[in-house]
2 protein chains.
Amino acid sequence: MVARRRAEMVEETRAKLIRAARTAFAAKGYAAASMDDLTAEAGLTRGALYHNFGDKKGLLQAVIDQIDAEMLARMRAARGQADTAWDGFLNEGVAYIEMSLEPEIQRIMLLDGPAVLGDPSQWPNQTACLRTTTQAIQRLIDDGTVKPVDAEAAARLINGAALNAALWIAAADDPHAVLTKAVEAFRQLAAGLLRTAG
Amino acid sequence: MVARRRAEMVEETRAKLIRAARTAFAAKGYAAASMDDLTAEAGLTRGALYHNFGDKKGLLQAVIDQIDAEMLARMRAARGQADTAWDGFLNEGVAYIEMSLEPEIQRIMLLDGPAVLGDPSQWPNQTACLRTTTQAIQRLIDDGTVKPVDAEAAARLINGAALNAALWIAAADDPHAVLTKAVEAFRQLAAGLLRTAG
DNA sequence: TCAATACGCATACAGTGCGTATGTTATTTT
DNA sequence: AAAATAACATACGCACTGTATGCGTATTGA
């Protein structure tokens, strides 16, 4: 075994624990996931877990931070692929809905996370995500595309609509059929913010 | 002690347990609420609880059914106080937002409930609530007020927007100031469904 | 280079809470 | 009036979280 720096090994154990926790939380839910089991899955014990993350909630927080960062990156990519600012804004919402189709995101980010850690809009990365959406709306207001509403309020409502759409889709018998209906309704609803009638 | 019918006593026991559970779940959250504690608060033991509700989730389900019925009644009352069908529809959404200001509804209905029992849109009473909203939108489509969108999709998105608005308000420093902004943005957003430009 | 120390993690232990199995009493049923 | 059943209490086992302690190894200083 090559002698590596200690910091590297710490990062590796943290990564292993987070990965095991992601799959365990997604599969069984936060409450039903045993820390003995998931640490064993990672080839470690609970000692490593408490040393690195403090407690079970700390581990969940780390998992959520990681997923949230991934979601933020994917939303930015979706926005970048649009021609106009308004389409980019819509793409963000649609990307959010599509990501929420994934059971892992559903279970961890939309169900257990809020229940254990409280209102998601207070989470560090979520605020970053929300801030970019708010800024996008503000720009659309400034250039006359969108009516002069409170940008943050609009961003939160749009987010909520997308989130609920995602939950609906995931619980549906035919998710992809419902997805198209939800996306269509989402575009109509968002058009309410437009200065010109949709 | 007057000899009462057995069915009356069972109802009384169930009511006492549900009442104690409501306060306990609202105060401590579902996971942190001890069943020994809340049954003792009701002057009973866990035996009564397991006999009447099966398990802890069953008790939560009973609590949620009760609260959900109350919310449905209040939303119907709010709709009845409007002059037009459209205003009635908006009133429903605003009433939903306002109810979610209450910590009990926040904690139990919006945070713990979905995490423990799964997607709220599958709950019996919630579907009733959603159905009335869907029907309201369908009527507005039929009489030409609202664009021809999928009524259920629109209802779910509107619900989600209202829900997120409520969470935002509850976490705010000045809830009532944020409430007005949220309600204003909600009306703008909902106007996206209108056939005539908002 | 070698001792001292701090760090990362494992092990052992105590506390708490859920669910079930069993017991007890009062009300039906026959 | 005796048997049966429902409503609830009591007692027990099991699992899980969090903490305290122990051990090995890497890092630091002289």
Side-chain angles (χ1 to χ4, degrees), chain A residues 1-64 107-108 112-113 115-117, chain B residues 1-21 23-64 108 112-113 115-117:
Chain A
M1 175 73 83
V2 179
R4 287 173 301 175
R5 304 237 329 270
R6 174 167 285 200
E8 290 177 10
M9 302 205 53
V10 169
E11 270 318 300
E12 187 175 321
T13 54
R14 289 177 62 95
K16 276 198 276 194
L17 288 172
I18 290 177
R19 198 175 332 146
R22 271 181 77 150
T23 61
F25 290 164
K28 304 181 164 190
Y30 173 80
S34 161
M35 302 177 72
D36 275 322
D37 292 351
L38 72 87
T39 51
E41 193 74 23
L44 297 162
T45 69
R46 287 204 336 252
L49 204 159
Y50 281 97
H51 185 73
N52 282 288
F53 299 101
D55 61 353
K56 194 178 183 183
K57 283 170 69 172
L59 178 60
L60 177 63
Q61 182 72 62
V63 169
I64 282 179
R107 180 82 233 184
I108 299 176
D112 286 334
V116 176
L117 301 177
Chain B
M1 174 74 81
V2 178
R4 284 173 303 174
R5 304 232 333 267
R6 174 168 282 198
E8 290 176 8
M9 300 205 56
V10 170
E11 270 319 299
E12 187 176 322
T13 303
R14 291 176 60 94
K16 276 197 275 192
L17 287 173
I18 290 177
R19 198 177 329 149
T23 60
F25 291 163
K28 303 180 164 188
Y30 173 81
S34 162
M35 301 177 72
D36 276 323
D37 292 350
L38 73 87
T39 51
E41 193 73 25
L44 297 161
T45 69
R46 286 207 330 249
L49 203 159
Y50 280 97
H51 184 74
N52 281 289
F53 299 102
D55 60 352
K56 195 179 183 183
K57 283 169 70 174
L59 179 61
L60 177 62
Q61 182 71 63
V63 169
I64 283 179
I108 298 176
D112 286 334
V116 176
L117 301 178

What is the distance from CD of E11(A) to C1' of dC9(C), rounded to the nearest Å?
-> 16 Å
Nearest whole angstrom, please: distance from the C1' of dC16(D) to the NZ of K57(A).
-> 17 Å
Whole-Å gap separating C1' (dC9(C)) and CG (L17(A)) = 11 Å
Less than 4.5 Å apart, any side-chain heavy atom of K28(A) and any of D37(A)?
-> yes
Residues passing the side chain to side chain contact (heavy atoms under 4.5 Å, CB included) test with T39(B), sequence neighbours excluded, are L17(B), R46(B), L49(B)
Using whole Å, report how far NZ of K56(B) lies from P of dC18(C).
-> 5 Å
Please give, in whole Å, the distance from dG19(C) P to L59(B) CG?
-> 11 Å
Shortest non-hydrogen pair, L38(B) vs A24(B), comes out as CB-CB, 4.1 Å
Phosphate OP1/OP2 of dA7(D) contacted by N52(B) side-chain N/O (<4.0 Å) | no
Taking the side chain as C-beta and beyond, is there a heavy-atom pair between R14(A) and E11(A) under 4.5 Å?
-> yes
List the atom pairs, donor and acceptor, that lie under 3.5 Å between side-chain atoms in residues 56-63 of chain B and the rest of the protein, sequence neighbours left out.
from: K56(B); atom 1: NZ; to: Y30(B); atom 2: O; distance (Å): 2.9
from: K56(B); atom 1: NZ; to: A33(B); atom 2: O; distance (Å): 3.1
from: Q61(B); atom 1: NE2; to: D65(B); atom 2: OD1; distance (Å): 3.1

Measure the distance from CZ on R14(B) to C1' on dA6(D) and round it to the nearest whole Å.
-> 14 Å
Is any side-chain nitrogen or oxygen of H51(A) closer than 4.0 Å to OP1 or OP2 of dC9(C)?
-> no
Where along residues 23-48 of chain A does a heavy atom come under 4.0 Å from DNA chain C, residue by residue in number order?
-> L44(A), T45(A), R46(A), G47(A), A48(A)
If you take all heavy atoms of Y50(B) and D55(B), which pair is closest and at what distance?
-> CE2-CA, 3.8 Å
Integer-rounded Å distance: dG18(D) C1' and Y50(A) OH = 5 Å
